[in-house]
Visitor: 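The structure is given below, and queries will be raised subsequently.
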Protein chains: 2
Amino acid sequence: MESPSRDRILEAAQRVYAEHGFRGATTRRIAEAAGVNEVTLFRIFGGKEALLAAAIRPGAQRQDIVALPDEPADPEREMTAWVAANLAFLRERRSIIRKTMSEMEERPQFAACVREGPQYAREALGVYLAALRGHGWVDGDVDVRAVIAMLIGVVFSDAMGRELMPDHFPPLAAAPRSYARLFLRAIGLRERPPKRASKQENETSAADGRPPQVRPSNSR
Amino acid sequence: MESPSRDRILEAAQRVYAEHGFRGATTRRIAEAAGVNEVTLFRIFGGKEALLAAAIRPGAQRQDIVALPDEPADPEREMTAWVAANLAFLRERRSIIRKTMSEMEERPQFAACVREGPQYAREALGVYLAALRGHGWVDGDVDVRAVIAMLIGVVFSDAMGRELMPDHFPPLAAAPRSYARLFLRAIGLRERPPKRASKQENETSAADGRPPQVRPSNSR
DNA sequence: GTAGCAAGCAAGCACTCACTTGCGTGCCCG
DNA sequence: CGGGCACGCAAGTGAGTGCTTGCTTGCTAC
(Lines give C-alpha, C1' and ligand atoms only; values in the text may rest on other atoms or scores of the structure.)
Protein backbone atom coordinates (compact mmCIF):
# COMPACT_ATOMS: atom_id res chain seq x y z
CA MET A 1 0.00 0.00 0.00
CA GLU A 2 3.08 2.17 -0.10
CA SER A 3 3.81 2.09 -3.78
CA PRO A 4 6.41 4.54 -5.05
CA SER A 5 4.08 6.18 -7.53
CA ARG A 6 1.42 6.75 -4.90
CA ASP A 7 3.37 9.61 -3.35
CA ARG A 8 4.22 11.12 -6.71
CA ILE A 9 0.55 11.12 -7.61
CA LEU A 10 -0.46 12.71 -4.33
CA GLU A 11 2.14 15.42 -4.68
CA ALA A 12 1.14 16.08 -8.28
CA ALA A 13 -2.53 16.18 -7.29
CA GLN A 14 -1.76 18.83 -4.70
CA ARG A 15 0.04 20.97 -7.25
CA VAL A 16 -2.63 20.65 -9.90
CA TYR A 17 -5.43 21.25 -7.42
CA ALA A 18 -3.70 24.33 -6.05
CA GLU A 19 -3.40 25.65 -9.58
CA HIS A 20 -6.81 24.80 -11.03
CA GLY A 21 -9.18 23.90 -8.21
CA PHE A 22 -11.32 20.79 -7.98
CA ARG A 23 -13.10 21.03 -11.29
CA GLY A 24 -9.95 22.14 -13.07
CA ALA A 25 -7.87 19.33 -11.63
CA THR A 26 -8.71 16.73 -14.24
CA THR A 27 -7.47 13.22 -13.87
CA ARG A 28 -5.57 13.60 -17.11
CA ARG A 29 -3.72 16.66 -15.87
CA ILE A 30 -2.84 15.03 -12.58
CA ALA A 31 -1.61 11.88 -14.27
CA GLU A 32 0.49 13.89 -16.67
CA ALA A 33 1.93 16.02 -13.86
CA ALA A 34 2.84 12.88 -11.96
CA GLY A 35 4.38 11.24 -15.02
CA VAL A 36 2.01 8.35 -14.59
CA ASN A 37 -0.61 6.68 -16.70
CA GLU A 38 -4.10 7.91 -15.99
CA VAL A 39 -5.35 4.40 -15.31
CA THR A 40 -2.87 3.90 -12.47
CA LEU A 41 -4.47 6.77 -10.65
CA PHE A 42 -7.86 5.08 -10.73
CA ARG A 43 -6.38 1.75 -9.74
CA ILE A 44 -4.72 3.19 -6.65
CA PHE A 45 -7.30 5.67 -5.42
CA GLY A 46 -10.53 4.49 -6.98
CA GLY A 47 -11.65 7.85 -8.27
CA LYS A 48 -10.98 11.55 -8.47
CA GLU A 49 -12.87 12.47 -5.31
CA ALA A 50 -10.97 9.95 -3.17
CA LEU A 51 -7.64 10.91 -4.71
CA LEU A 52 -8.05 14.60 -3.98
CA ALA A 53 -9.42 13.88 -0.54
CA ALA A 54 -6.21 12.00 0.21
CA ALA A 55 -4.05 14.75 -1.28
CA ILE A 56 -5.76 17.61 0.55
CA ARG A 57 -6.35 15.82 3.84
CA PRO A 58 -5.33 17.76 6.97
CA GLY A 59 -1.67 17.50 7.82
CA ALA A 60 -0.84 16.48 4.28
CA GLN A 61 1.88 19.05 4.05
CA ARG A 62 2.27 20.19 7.62
CA GLN A 63 5.57 21.72 8.48
CA ASP A 64 6.86 22.62 11.91
CA ILE A 65 6.06 26.15 12.77
CA VAL A 66 8.16 28.45 14.92
CA ALA A 67 6.85 28.16 18.45
CA LEU A 68 6.18 30.99 20.84
CA PRO A 69 8.21 30.71 24.08
CA ASP A 70 6.45 29.65 27.25
CA GLU A 71 7.94 32.57 29.10
CA PRO A 72 7.78 35.83 27.15
CA ALA A 73 11.00 37.78 27.40
CA ASP A 74 11.09 40.12 24.41
CA PRO A 75 7.52 40.23 23.09
CA GLU A 76 8.22 42.35 20.04
CA ARG A 77 11.02 40.14 18.84
CA GLU A 78 9.22 36.91 19.62
CA MET A 79 5.95 38.02 18.08
CA THR A 80 7.71 39.32 14.99
CA ALA A 81 9.42 35.98 14.42
CA TRP A 82 6.17 34.12 14.99
CA VAL A 83 4.20 36.35 12.64
CA ALA A 84 6.89 36.04 9.99
CA ALA A 85 6.81 32.26 10.20
CA ASN A 86 3.03 32.09 10.03
CA LEU A 87 2.88 34.55 7.20
CA ALA A 88 5.42 32.57 5.23
CA PHE A 89 3.53 29.36 5.92
CA LEU A 90 0.24 30.78 4.73
CA ARG A 91 1.86 32.39 1.71
CA GLU A 92 3.27 29.07 0.59
CA ARG A 93 -0.15 27.48 0.79
CA ARG A 94 -2.13 30.47 -0.42
CA SER A 95 -3.23 28.91 -3.70
CA ILE A 96 -4.48 25.72 -2.15
CA ILE A 97 -6.20 27.65 0.64
CA ARG A 98 -7.97 29.94 -1.80
CA LYS A 99 -9.20 27.00 -3.86
CA THR A 100 -10.37 25.08 -0.81
CA MET A 101 -12.18 28.05 0.69
CA SER A 102 -13.82 28.70 -2.62
CA GLU A 103 -15.15 25.17 -2.82
CA MET A 104 -15.96 24.47 0.78
CA GLU A 105 -19.69 24.93 0.21
CA GLU A 106 -19.68 22.17 -2.35
CA ARG A 107 -17.04 19.98 -0.69
CA PRO A 108 -16.96 20.68 3.05
CA GLN A 109 -14.78 17.61 3.72
CA PHE A 110 -11.82 19.43 2.23
CA ALA A 111 -12.22 22.44 4.48
CA ALA A 112 -10.45 20.83 7.43
CA CYS A 113 -7.07 21.48 5.83
CA VAL A 114 -7.59 25.24 6.01
CA ARG A 115 -9.12 25.09 9.47
CA GLU A 116 -6.14 23.46 11.12
CA GLY A 117 -3.69 26.29 10.46
CA PRO A 118 -5.62 29.07 12.21
CA GLN A 119 -6.69 26.73 14.99
CA TYR A 120 -3.11 25.87 15.86
CA ALA A 121 -2.10 29.51 15.65
CA ARG A 122 -5.00 30.60 17.83
CA GLU A 123 -4.07 28.17 20.58
CA ALA A 124 -0.42 29.19 20.54
CA LEU A 125 -1.33 32.86 20.67
CA GLY A 126 -3.77 32.19 23.47
CA VAL A 127 -1.24 30.70 25.85
CA TYR A 128 1.34 33.34 25.00
CA LEU A 129 -1.17 36.06 25.67
CA ALA A 130 -2.10 34.43 28.96
CA ALA A 131 1.55 34.43 29.93
CA LEU A 132 1.83 38.11 29.04
CA ARG A 133 -1.22 38.76 31.12
CA GLY A 134 0.39 36.85 33.97
CA HIS A 135 3.17 39.39 33.92
CA GLY A 136 0.64 42.16 34.15
CA TRP A 137 1.68 43.49 30.77
CA VAL A 138 -1.75 43.33 29.22
CA ASP A 139 -4.65 45.68 29.76
CA GLY A 140 -7.37 43.98 31.72
CA ASP A 141 -10.25 44.85 29.44
CA VAL A 142 -8.85 43.45 26.23
CA ASP A 143 -11.14 41.17 24.24
CA VAL A 144 -8.74 38.26 23.91
CA ARG A 145 -10.60 36.47 21.16
CA ALA A 146 -10.99 39.62 19.12
CA VAL A 147 -7.35 40.64 19.34
CA ILE A 148 -6.21 37.15 18.37
CA ALA A 149 -8.66 37.15 15.47
CA MET A 150 -7.29 40.56 14.50
CA LEU A 151 -3.69 39.43 14.26
CA ILE A 152 -4.47 36.18 12.51
CA GLY A 153 -6.85 38.09 10.29
CA VAL A 154 -4.30 40.51 8.99
CA VAL A 155 -1.73 37.76 8.48
CA PHE A 156 -4.31 35.72 6.62
CA SER A 157 -5.51 38.56 4.44
CA ASP A 158 -1.92 39.57 3.71
CA ALA A 159 -1.09 36.05 2.57
CA MET A 160 -4.24 35.84 0.46
CA GLY A 161 -4.38 39.33 -1.01
CA ARG A 162 -0.90 40.77 -1.30
CA GLU A 163 -0.40 39.78 -4.91
CA LEU A 164 -3.81 41.23 -5.72
CA MET A 165 -3.19 44.57 -3.98
CA PRO A 166 0.52 44.99 -3.26
CA ASP A 167 0.16 48.59 -2.12
CA HIS A 168 -2.46 47.70 0.44
CA PHE A 169 0.12 46.12 2.74
CA PRO A 170 3.48 47.16 4.18
CA PRO A 171 6.50 45.80 2.30
CA LEU A 172 6.74 42.07 2.77
CA ALA A 173 9.94 42.27 4.76
CA ALA A 174 8.59 44.88 7.16
CA ALA A 175 5.09 43.47 7.56
CA PRO A 176 5.68 40.94 10.36
CA ARG A 177 7.22 43.56 12.63
CA SER A 178 4.45 46.03 11.83
CA TYR A 179 1.71 43.53 12.60
CA ALA A 180 3.44 42.33 15.76
CA ARG A 181 3.85 45.87 17.04
CA LEU A 182 0.25 46.76 16.33
CA PHE A 183 -0.87 43.62 18.10
CA LEU A 184 1.17 44.49 21.15
CA ARG A 185 -0.14 48.05 21.14
CA ALA A 186 -3.69 46.78 20.86
CA ILE A 187 -3.30 44.67 23.99
CA GLY A 188 -1.92 47.65 25.81
CA LEU A 189 1.76 46.75 25.89
CA ARG A 190 3.87 49.91 25.96
CA GLU A 191 7.38 50.83 26.82
CA ARG A 192 6.29 50.54 30.43
CA PRO A 193 4.04 47.97 31.98
CA PRO A 194 0.50 49.26 31.66
CA LYS A 195 -0.62 51.56 34.45
CA ARG A 196 -3.77 49.82 35.44
CA ALA A 197 -6.23 51.59 37.71
CA SER A 198 -4.19 54.03 39.68
CA LYS A 199 -1.80 52.43 42.14
CA GLN A 200 0.76 49.64 41.62
CA GLU A 201 2.41 52.21 39.44
CA ASN A 202 5.86 51.17 40.59
CA GLU A 203 4.94 47.85 42.07
CA THR A 204 5.09 45.65 39.01
CA SER A 205 7.15 47.90 36.85
CA ALA A 206 10.77 46.88 37.38
CA ALA A 207 10.16 44.12 39.87
CA ASP A 208 9.34 40.92 38.08
CA GLY A 209 11.33 41.34 34.93
CA ARG A 210 12.70 43.73 32.45
CA PRO A 211 9.75 45.48 30.86
CA PRO A 212 9.58 44.93 27.14
CA GLN A 213 9.95 47.81 24.77
CA VAL A 214 7.69 48.37 21.86
CA ARG A 215 7.79 52.05 21.20
CA PRO A 216 11.15 52.80 19.50
CA SER A 217 10.23 52.89 15.87
CA ASN A 218 13.66 52.88 14.27
CA SER A 219 15.15 50.10 16.33
CA ARG A 220 16.36 48.05 13.43
CA MET B 1 -29.46 46.98 -25.78
CA GLU B 2 -31.54 47.19 -22.63
CA SER B 3 -33.71 44.14 -23.03
CA PRO B 4 -35.69 43.01 -20.01
CA SER B 5 -34.19 39.53 -19.96
CA ARG B 6 -30.68 40.90 -20.08
CA ASP B 7 -30.81 41.98 -16.45
CA ARG B 8 -32.41 38.74 -15.34
CA ILE B 9 -29.62 36.82 -17.03
CA LEU B 10 -26.94 38.96 -15.43
CA GLU B 11 -28.44 38.56 -12.00
CA ALA B 12 -28.83 34.82 -12.46
CA ALA B 13 -25.27 34.56 -13.72
CA GLN B 14 -24.05 36.27 -10.55
CA ARG B 15 -25.93 33.84 -8.36
CA VAL B 16 -24.82 30.75 -10.21
CA TYR B 17 -21.22 31.95 -10.38
CA ALA B 18 -21.20 32.72 -6.66
CA GLU B 19 -22.46 29.24 -6.00
CA HIS B 20 -20.40 27.16 -8.38
CA GLY B 21 -17.48 29.24 -9.64
CA PHE B 22 -16.53 29.80 -13.26
CA ARG B 23 -16.23 26.22 -14.36
CA GLY B 24 -19.33 25.22 -12.43
CA ALA B 25 -21.42 28.04 -13.87
CA THR B 26 -22.56 26.28 -17.02
CA THR B 27 -24.57 28.12 -19.58
CA ARG B 28 -27.41 25.66 -19.07
CA ARG B 29 -27.55 26.32 -15.34
CA ILE B 30 -27.47 30.08 -15.82
CA ALA B 31 -30.21 29.95 -18.43
CA GLU B 32 -32.36 27.79 -16.19
CA ALA B 33 -31.78 30.04 -13.18
CA ALA B 34 -32.78 33.05 -15.28
CA GLY B 35 -35.85 31.30 -16.63
CA VAL B 36 -34.58 31.90 -20.13
CA ASN B 37 -33.72 29.74 -23.07
CA GLU B 38 -30.04 28.94 -23.31
CA VAL B 39 -29.80 30.30 -26.84
CA THR B 40 -30.94 33.75 -25.75
CA LEU B 41 -27.92 33.97 -23.51
CA PHE B 42 -25.58 33.41 -26.44
CA ARG B 43 -27.52 35.82 -28.64
CA ILE B 44 -27.21 38.63 -26.11
CA PHE B 45 -23.72 38.15 -24.73
CA GLY B 46 -21.97 36.12 -27.37
CA GLY B 47 -20.45 33.56 -25.06
CA LYS B 48 -19.93 32.39 -21.53
CA GLU B 49 -16.74 34.35 -20.91
CA ALA B 50 -18.29 37.64 -22.00
CA LEU B 51 -21.47 36.97 -20.06
CA LEU B 52 -19.67 36.33 -16.80
CA ALA B 53 -17.33 39.23 -17.39
CA ALA B 54 -20.39 41.48 -17.62
CA ALA B 55 -21.97 39.93 -14.54
CA ILE B 56 -18.85 40.14 -12.36
CA ARG B 57 -17.59 43.47 -13.63
CA PRO B 58 -16.64 46.03 -10.96
CA GLY B 59 -19.57 47.99 -9.62
CA ALA B 60 -22.00 45.36 -10.82
CA GLN B 61 -23.63 45.19 -7.43
CA ARG B 62 -22.24 48.18 -5.64
CA GLN B 63 -24.29 49.47 -2.80
CA ASP B 64 -23.78 52.68 -0.91
CA ILE B 65 -21.65 52.13 2.09
CA VAL B 66 -21.93 54.04 5.35
CA ALA B 67 -19.48 56.90 5.13
CA LEU B 68 -17.08 58.01 7.80
CA PRO B 69 -17.66 61.63 8.87
CA ASP B 70 -15.23 64.28 7.74
CA GLU B 71 -14.88 65.53 11.28
CA PRO B 72 -14.51 62.76 13.83
CA ALA B 73 -16.62 63.36 16.92
CA ASP B 74 -17.14 60.00 18.56
CA PRO B 75 -14.54 57.67 17.04
CA GLU B 76 -15.70 54.49 18.72
CA ARG B 77 -19.28 54.92 17.63
CA GLU B 78 -18.38 56.04 14.13
CA MET B 79 -15.82 53.33 13.60
CA THR B 80 -18.17 50.67 14.95
CA ALA B 81 -20.88 51.67 12.51
CA TRP B 82 -18.42 51.76 9.66
CA VAL B 83 -16.95 48.38 10.49
CA ALA B 84 -20.43 46.90 10.84
CA ALA B 85 -21.44 48.20 7.43
CA ASN B 86 -18.30 46.95 5.75
CA LEU B 87 -18.52 43.58 7.43
CA ALA B 88 -22.12 43.19 6.32
CA PHE B 89 -21.18 44.23 2.79
CA LEU B 90 -18.36 41.71 2.57
CA ARG B 91 -20.47 39.00 4.15
CA GLU B 92 -23.15 39.42 1.52
CA ARG B 93 -20.59 39.04 -1.21
CA ARG B 94 -18.43 36.43 0.47
CA SER B 95 -19.27 33.63 -1.94
CA ILE B 96 -18.56 35.62 -5.04
CA ILE B 97 -15.38 37.03 -3.52
CA ARG B 98 -14.12 33.59 -2.58
CA LYS B 99 -14.77 32.26 -6.06
CA THR B 100 -13.14 35.23 -7.73
CA MET B 101 -10.06 35.14 -5.52
CA SER B 102 -9.74 31.45 -6.15
CA GLU B 103 -9.77 31.93 -9.90
CA MET B 104 -7.87 35.17 -10.22
CA GLU B 105 -4.73 33.36 -11.38
CA GLU B 106 -6.60 31.89 -14.33
CA ARG B 107 -8.90 34.86 -14.97
CA PRO B 108 -7.24 38.04 -13.69
CA GLN B 109 -9.81 40.26 -15.46
CA PHE B 110 -12.40 39.26 -12.89
CA ALA B 111 -10.23 40.23 -9.95
CA ALA B 112 -11.07 43.92 -10.19
CA CYS B 113 -14.44 43.33 -8.54
CA VAL B 114 -12.77 42.17 -5.32
CA ARG B 115 -10.11 44.89 -5.47
CA GLU B 116 -12.54 47.77 -5.48
CA GLY B 117 -14.05 47.06 -2.06
CA PRO B 118 -10.84 47.21 -0.02
CA GLN B 119 -9.54 50.09 -2.09
CA TYR B 120 -12.56 52.22 -1.31
CA ALA B 121 -12.41 51.22 2.35
CA ARG B 122 -8.69 51.99 2.53
CA GLU B 123 -9.18 55.48 1.16
CA ALA B 124 -12.03 56.26 3.52
CA LEU B 125 -10.08 55.00 6.50
CA GLY B 126 -7.06 56.98 5.39
CA VAL B 127 -8.77 60.34 5.42
CA TYR B 128 -10.53 59.57 8.69
CA LEU B 129 -7.26 58.61 10.28
CA ALA B 130 -5.67 61.77 8.96
CA ALA B 131 -8.46 63.77 10.57
CA LEU B 132 -7.92 61.96 13.86
CA ARG B 133 -4.24 62.72 13.59
CA GLY B 134 -5.09 66.34 12.96
CA HIS B 135 -6.75 66.41 16.34
CA GLY B 136 -3.61 64.99 17.91
CA TRP B 137 -5.43 61.86 18.93
CA VAL B 138 -3.13 59.46 17.18
CA ASP B 139 0.31 58.37 18.25
CA GLY B 140 2.94 59.78 15.97
CA ASP B 141 4.81 56.59 15.27
CA VAL B 142 1.88 54.54 14.02
CA ASP B 143 2.39 52.75 10.72
CA VAL B 144 -0.72 54.04 8.97
CA ARG B 145 -0.74 51.52 6.17
CA ALA B 146 -0.25 48.61 8.53
CA VAL B 147 -2.99 49.61 10.91
CA ILE B 148 -5.43 50.12 8.06
CA ALA B 149 -4.45 46.76 6.61
CA MET B 150 -4.97 45.28 10.06
CA LEU B 151 -8.54 46.50 10.42
CA ILE B 152 -9.55 45.67 6.88
CA GLY B 153 -7.77 42.34 7.30
CA VAL B 154 -9.78 41.23 10.29
CA VAL B 155 -13.04 42.38 8.73
CA PHE B 156 -12.16 40.53 5.55
CA SER B 157 -11.13 37.33 7.28
CA ASP B 158 -14.21 37.48 9.47
CA ALA B 159 -16.46 37.75 6.44
CA MET B 160 -14.62 34.95 4.65
CA GLY B 161 -14.00 32.54 7.49
CA ARG B 162 -16.70 32.89 10.12
CA GLU B 163 -18.88 30.09 8.82
CA LEU B 164 -15.81 27.88 8.64
CA MET B 165 -14.64 28.61 12.19
CA PRO B 166 -17.43 30.29 14.17
CA ASP B 167 -15.56 30.13 17.48
CA HIS B 168 -12.56 31.90 16.06
CA PHE B 169 -14.37 35.24 16.05
CA PRO B 170 -16.37 37.26 18.54
CA PRO B 171 -20.14 36.89 18.20
CA LEU B 172 -21.32 38.53 15.00
CA ALA B 173 -23.26 41.24 16.80
CA ALA B 174 -20.32 42.20 19.00
CA ALA B 175 -17.56 41.90 16.41
CA PRO B 176 -17.75 45.39 14.84
CA ARG B 177 -17.39 47.11 18.19
CA SER B 178 -14.54 44.80 19.20
CA TYR B 179 -12.64 45.42 15.99
CA ALA B 180 -13.26 49.16 16.11
CA ARG B 181 -12.02 49.38 19.68
CA LEU B 182 -8.89 47.37 18.95
CA PHE B 183 -8.20 49.57 15.95
CA LEU B 184 -8.50 52.70 18.07
CA ARG B 185 -6.28 51.22 20.76
CA ALA B 186 -3.70 50.26 18.16
CA ILE B 187 -3.45 53.83 16.92
CA GLY B 188 -3.01 55.04 20.47
CA LEU B 189 -6.42 56.50 21.12
CA ARG B 190 -7.20 56.31 24.83
CA GLU B 191 -9.62 57.90 27.16
CA ARG B 192 -7.39 60.96 27.00
CA PRO B 193 -5.73 62.46 24.00
CA PRO B 194 -2.34 60.80 23.67
CA LYS B 195 0.51 62.48 25.55
CA ARG B 196 2.96 62.97 22.75
CA ALA B 197 6.52 63.90 23.54
CA SER B 198 6.35 65.91 26.74
CA LYS B 199 4.68 69.30 26.38
CA GLN B 200 1.35 70.28 24.76
CA GLU B 201 -0.07 68.17 27.55
CA ASN B 202 -2.94 70.54 28.09
CA GLU B 203 -2.73 72.39 24.85
CA THR B 204 -4.80 70.13 22.63
CA SER B 205 -6.56 68.17 25.32
CA ALA B 206 -9.78 69.95 26.11
CA ALA B 207 -9.38 72.82 23.74
CA ASP B 208 -10.59 71.83 20.30
CA GLY B 209 -13.16 69.24 21.19
CA ARG B 210 -14.38 66.71 23.63
CA PRO B 211 -11.81 63.91 23.80
CA PRO B 212 -13.27 60.62 22.70
CA GLN B 213 -13.60 57.74 25.11
CA VAL B 214 -12.66 54.22 24.24
CA ARG B 215 -11.84 52.59 27.53
CA PRO B 216 -15.14 51.89 29.28
CA SER B 217 -15.74 48.28 28.47
CA ASN B 218 -19.30 47.85 29.66
CA SER B 219 -20.73 50.94 28.06
CA ARG B 220 -23.56 49.24 26.23
C1' DG C 1 -51.61 44.07 -42.68
C1' DT C 2 -47.11 43.34 -42.63
C1' DA C 3 -42.31 44.00 -41.69
C1' DG C 4 -39.12 43.63 -37.99
C1' DC C 5 -37.48 41.97 -33.93
C1' DA C 6 -36.92 39.45 -29.52
C1' DA C 7 -37.29 35.14 -27.85
C1' DG C 8 -38.52 30.13 -27.60
C1' DC C 9 -37.74 25.37 -29.11
C1' DA C 10 -35.56 21.08 -30.94
C1' DA C 11 -31.67 19.19 -32.55
C1' DG C 12 -27.11 18.61 -33.15
C1' DC C 13 -21.79 19.18 -33.20
C1' DA C 14 -17.21 18.79 -31.47
C1' DC C 15 -15.08 18.25 -27.52
C1' DT C 16 -13.85 17.13 -22.61
C1' DC C 17 -14.57 14.52 -18.45
C1' DA C 18 -14.42 10.55 -15.14
C1' DC C 19 -14.09 6.04 -15.47
C1' DT C 20 -13.78 1.09 -17.53
C1' DT C 21 -11.98 -2.95 -20.07
C1' DG C 22 -8.71 -5.88 -22.05
C1' DC C 23 -4.22 -6.90 -22.86
C1' DG C 24 0.79 -6.65 -22.88
C1' DT C 25 5.25 -6.28 -20.18
C1' DG C 26 8.79 -5.97 -17.01
C1' DC C 27 10.17 -7.30 -12.30
C1' DC C 28 10.65 -9.59 -7.99
C1' DC C 29 10.30 -13.77 -5.05
C1' DG C 30 9.85 -18.48 -4.25
C1' DC D 1 11.14 -21.10 -14.12
C1' DG D 2 6.81 -19.41 -13.11
C1' DG D 3 3.23 -16.88 -10.81
C1' DG D 4 1.87 -12.71 -8.87
C1' DC D 5 1.98 -7.84 -9.26
C1' DA D 6 2.44 -3.12 -10.46
C1' DC D 7 2.10 -0.51 -14.27
C1' DG D 8 1.66 1.06 -19.24
C1' DC D 9 -1.10 1.35 -23.51
C1' DA D 10 -5.14 1.58 -26.61
C1' DA D 11 -9.70 2.05 -26.95
C1' DG D 12 -14.13 3.07 -25.61
C1' DT D 13 -18.53 4.71 -22.92
C1' DG D 14 -21.88 7.79 -21.22
C1' DA D 15 -22.58 12.14 -19.45
C1' DG D 16 -21.82 16.80 -19.73
C1' DT D 17 -20.49 21.47 -22.00
C1' DG D 18 -19.95 25.53 -25.00
C1' DC D 19 -21.95 26.87 -28.92
C1' DT D 20 -24.58 26.73 -33.57
C1' DT D 21 -28.51 26.19 -36.85
C1' DG D 22 -33.03 26.30 -38.54
C1' DC D 23 -37.45 27.23 -37.62
C1' DT D 24 -41.59 29.04 -35.09
C1' DT D 25 -44.17 32.44 -32.27
C1' DG D 26 -45.79 36.61 -30.41
C1' DC D 27 -45.61 41.54 -30.09
C1' DT D 28 -45.13 46.25 -31.79
C1' DA D 29 -44.66 50.07 -35.14
C1' DC D 30 -45.57 51.98 -39.50
Side-chain angles (χ1 to χ4, degrees), chain A residues 1-57 95-96 99-100 102-110, chain B residues 1-57 95-96 99-100 102-110:
Chain A
M1 209 176 184
E2 284 293 320
S3 67
S5 37
R6 186 187 161 95
D7 297 345
R8 310 223 336 262
I9 295 178
L10 283 176
E11 191 257 357
Q14 267 187 32
R15 284 207 321 271
V16 176
Y17 173 83
E19 207 173 336
H20 303 283
F22 186 89
R23 272 184 251 256
T26 70
T27 52
R28 292 203 227 288
R29 258 202 272 246
I30 296 174
E32 189 190 12
V36 158
N37 192 285
E38 193 185 351
V39 201
T40 308
L41 181 155
F42 285 97
R43 278 198 271 247
I44 296 185
F45 296 96
K48 173 179 172 171
E49 180 96 21
L51 160 61
L52 283 178
I56 310 301
R57 82 169 188 284
S95 274
I96 206 171
K99 300 296 182 305
T100 304
S102 156
E103 278 151 10
M104 68 179 175
E105 289 139 319
E106 293 180 277
R107 254 164 294 274
Q109 341 118 16
F110 289 16
Chain B
M1 209 177 183
E2 283 294 319
S3 69
S5 38
R6 185 188 162 92
D7 297 345
R8 309 220 338 262
I9 295 179
L10 283 177
E11 191 256 358
Q14 268 187 32
R15 283 206 322 270
V16 176
Y17 172 82
E19 207 173 334
H20 302 283
F22 186 89
R23 271 183 252 256
T26 70
T27 53
R28 294 206 221 286
R29 256 203 273 248
I30 295 174
E32 189 191 12
V36 157
N37 193 284
E38 193 185 349
V39 201
T40 309
L41 180 155
F42 285 98
R43 277 199 270 247
I44 297 185
F45 296 96
K48 172 179 172 172
E49 179 96 21
L51 161 59
L52 283 178
I56 310 300
R57 82 168 188 283
S95 274
I96 206 171
K99 299 296 182 304
T100 304
S102 155
E103 278 152 10
M104 69 179 176
E105 289 139 319
E106 294 180 276
R107 254 165 293 276
Q109 340 120 18
F110 289 16

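Convention: sequence-line order gives letters A, B, ...; per-chain numbering from 1. The figures here come from the full heavy-atom set of this structure, side chains too, leaving out hydrogens, waters and symmetry mates.
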Visitor: Rounded off to whole Å, could you give me the CG-to-P distance for the L41(A) and dA6(D) pair?
Guide: 16 Å

Visitor: Rounding to a whole Å, what distance do you find between F45(A):CZ and dC19(C):P?
Guide: 13 Å

Visitor: Checking side chain to side chain donor-acceptor pair (under 3.5 Å) for the pair S95(B)/E19(B): CA distance, chi angles, key distance, verdict?
Guide: CA-CA 7 Å; S95(B) 274; E19(B) 207 173 334; over 6 Å; no

Visitor: Using the side-chain heavy atoms of V36(A), tell me which of these nucleotides is nearest: dG8(C), dA10(C), dG8(D).
Guide: dG8(D)

Visitor: Below 4.0 angstrom from OP1 or OP2 of dC19(C), is there any side-chain N or O of T27(A)?
Guide: no

Visitor: Could E106(A) and R23(A) be called an ion pair, given the rule that one side-chain N must be under 4.0 Å from one carboxylate O?
Guide: yes

Visitor: Using whole Å, report how far CZ of R8(A) lies from C1' of dA6(D).
Guide: 13 Å

Visitor: Does a salt bridge link E32(B) with R28(B), judged by any charged N lying under 4.0 Å from a carboxylate O?
Guide: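 No.
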
Visitor: Which nucleotide sits closest to the side chain of R43(A): dT17(D), dC23(C), dA10(C)?
Guide: dC23(C)

Visitor: Contact class for A31(B) vs. all strands (heavy atom < 4.0 Å): base, sugar-phosphate, or nothing?
Guide: nothing

Visitor: Starting at atom CZ of R29(B), determine the distance to atom C1' of dC19(D), rounded to an integer number of angstrom.
Guide: 18 Å

Visitor: Between K48(B) (NZ) and dC15(C) (P), how many Å, whole number?
Guide: 18 Å

Visitor: Just so I know, are the side chains of Y17(B) and R29(B) near enough to count as touching, which here means a heavy-atom distance under 4.5 Å?
Guide: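 In short, these two side chains do not touch, never coming nearer than 4.5 Å.
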
Visitor: T40(A) side chain N/O closer than 4.0 Å to the phosphate oxygens (OP1, OP2) of dC7(D)?
Guide: no

Visitor: Counting only side-chain heavy atoms from C-beta out, which of dC9(D), dC17(C), dG18(D) sits nearest to T26(B)?
Guide: dG18(D)

Visitor: Give the rounded distance in Å between these two atoms: CD of E32(A) and P of dT16(C).
Guide: 13 Å

Visitor: Would you say dA7(C) has OP1 or OP2 under 4.0 Å from some side-chain N or O of N37(B)?
Guide: no

Visitor: Taking the side chain as C-beta and beyond, is there a heavy-atom pair between K48(A) and L52(A) under 4.5 Å?
Guide: yes

Visitor: CD of E38(B) versus P of dC9(C): gap in Å, rounded?
Guide: 12 Å

Visitor: Could you check which of dC19(C), dA7(C), dC7(D) has an atom nearest any side-chain atom of R28(A)?
Guide: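 For the R28(A) side chain, the nearest candidate turns out to be dC19(C).
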
Visitor: Rounded to the nearest Å, what distance is computed from the CZ atom of residue F42(B) to the C1' atom of nucleotide dG8(C)?
Guide: 15 Å

Visitor: Identify, between V39(A) and G35(B), the residue whose nearest nucleotide on DNA chain C lies closer to the 5' end.
Guide: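 That would be G35(B).
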
